[in-house]
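Computed over heavy atoms, backbone and side chain alike; hydrogens, waters and symmetry mates excluded. Along the sequence shown, residues carry numbers from 1.
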Amino acid sequence: MSINWVMLDGPQSFVRLPREKLLFISPPRTALALETPKSYPGKEPLSIKCSDGKAIITNQRLIYLPTTPTPTLQSFSAPLLNLQDTHVSAPFFGPNTWEGILIPVTGGGIPPQHTLVSLKLTFKEGGAFDFSSTFERIKENVAQAIELARESGRNVTGGGSTGVVDVDLEQLPAYEEASGQAAGGEMGGQPVGATATAQAPQLQRPTPIAPNGVQRPGPALPANNGVVGLEQQGGMDAGRSRRDDPPPPDEPPPGYEEVQQSSVADHLERRVRGES
């Protein structure tokens, strides 16, 4: 965190650091408040406020430029990773605010007795949630880039009064889905859990050996292969299939009585002809 350490380039403009890119600029009339946290008031509490300005997020730092600079506050900047516990507050009445805890950098214009500083941005013209989402996304990317740079042996310690770490965000690896899992909850082209359900475990019992060294045939494995629960599952499947069978009809099919009467009449006629 630094007070009046941003190199200005005319009103409402600043000189960018190497490889610095603008990501978000708040609407006008955004207010800034830097104060000592209430839990750590100290003997000399800090209070720096500005009611009109704009907040800027770059890929390296957070910047605030007041609309009307004063000797006390001409600019403000803070490294992204020095901002902790950031969140948006949406009151019932009044504009939304974005708040967080700052860790000041050495020589940044903040008295050394203030180890933590409370920051509050009031978005009178809106944009608090867009500001917050942009900040969280770039902060995560910067943390990942620093970790990658350290693994490669680069020195990523921030220097000077700005405390900004110079890392190349273009070197971040692209996100890739896990190779063992495909879309739709499948693994290797097969639904998860299908193998365990389809294939029952195969158990083998030891072969008994007589005292003279001759192998004796052991008892045969039951139909469930020694796995508890398979016979119960088979009985449940059989009972389920019996329940699924349609019930027998309780009345004769259509035309049954006419066919039966016709058969009786034909039988009597043949009998009468035979007796005559």
Side-chain angles (χ1 to χ4, degrees), residues 1-38 40-42 44-89 94-132 134-135 138-139 142 158-166:
M1 168 183 170
S2 303
I3 300 293
N4 302 335
W5 277 95
V6 179
M7 295 182 62
L8 301 178
D9 186 18
Q12 296 291 301
S13 182
F14 67 98
V15 178
R16 303 184 190 181
L17 299 176
R19 293 188 292 195
E20 187 173 22
K21 298 179 181 179
L22 296 179
L23 301 179
F24 185 91
I25 300 178
S26 71
R29 300 182 64 243
T30 300
L32 170 69
L34 298 173
E35 298 177 328
T36 304
K38 297 180 181 179
Y40 302 97
E44 298 179 0
L46 176 69
S47 180
I48 300 176
K49 296 183 179 180
C50 180
S51 60
D52 189 1
K54 61 180 181 180
I56 303 171
I57 297 177
T58 73
N59 60 340
Q60 299 185 21
R61 53 182 173 167
L62 167 66
I63 300 174
Y64 182 84
L65 299 178
T67 302
T68 304
T70 63
T72 305
L73 181 63
Q74 300 178 10
S75 65
F76 163 78
S77 66
L80 299 177
L81 299 183
N82 285 37
L83 289 156
Q84 306 295 331
D85 193 23
T86 55
H87 59 279
V88 175
S89 297
N96 297 335
T97 62
W98 185 81
E99 304 175 17
I101 299 297
L102 272 173
I103 302 176
V105 297
T106 304
I110 301 297
Q113 65 269 21
H114 299 290
T115 57
L116 295 176
V117 176
S118 175
L119 178 144
K120 181 178 179 180
L121 293 174
T122 304
F123 294 83
K124 302 176 184 178
E125 300 294 337
F129 288 98
D130 293 337
F131 181 91
S132 178
T134 303
F135 174 82
I138 188 59
K139 181 181 177 181
V142 169
S161 58
T162 61
V164 175
V165 178
D166 184 15

Going from [atom1] on [X] to [atom2] on [Y], what distance comes out if it is rounded to the nearest 0.5 angstrom?
X: L23; Y: I56; atom1: CG; atom2: CD1; result: 11.0 Å
X: T122; Y: E99; atom1: OG1; atom2: CD; result: 8.0 Å
X: F129; Y: N96; atom1: CZ; atom2: CG; result: 5.0 Å
X: L73; Y: K49; atom1: CG; atom2: NZ; result: 13.0 Å
X: T36; Y: Q113; atom1: OG1; atom2: CD; result: 8.5 Å
X: L80; Y: I57; atom1: CG; atom2: CD1; result: 7.5 Å

Shortest non-hydrogen contact from [X] toward [Y]:
X: I25; Y: K54; answer: CG2-CD, 4.1 Å
X: P104; Y: T115; answer: CD-O, 3.1 Å
X: S13; Y: L65; answer: N-CD1, 3.9 Å
X: K124; Y: A31; answer: CE-CB, 4.1 Å
X: L83; Y: L102; answer: CD2-CD2, 2.9 Å
X: G126; Y: P27; answer: O-CG, 3.2 Å

Any side-chain heavy-atom pair of [X] and [Y] under 4.5 Å:
X: V142; Y: N59; result: no
X: V117; Y: I48; result: no
X: E20; Y: I63; result: yes

Side chains of Q60 and T58: is there a donor and an acceptor less than 3.5 Å apart?
no
Output yes when a side-chain donor or acceptor of [X] lies under 3.5 Å from a complementary backbone atom of [Y], and no otherwise.
X: N4; Y: Q74; value: yes
X: T134; Y: D130; value: yes
X: S26; Y: A55; value: yes
X: Q84; Y: L81; value: yes

Can you list the steps and then say if S75 with F14 is a side chain to side chain contact (heavy atoms under 4.5 Å, CB included)?
CA-CA 9 Å; S75 65; F14 67 98; over 6 Å; no
Who pairs with F123 by ring pair (Phe, Tyr, Trp, His ring centres under 6.0 Å), at least two apart in sequence or on another chain?
F131
Stepwise, does the side chain to side chain contact (heavy atoms under 4.5 Å, CB included) test hold for L119 with I101?
CA-CA 6 Å; L119 178 144; I101 299 297; over 6 Å; no
Looking at K120 and E35, does any basic side-chain N land under 4.0 Å from a carboxylate oxygen?
no
Residue among L32, T86, V88 satisfying side-chain contact (heavy atoms from CB on, under 4.5 Å) with L121
L32
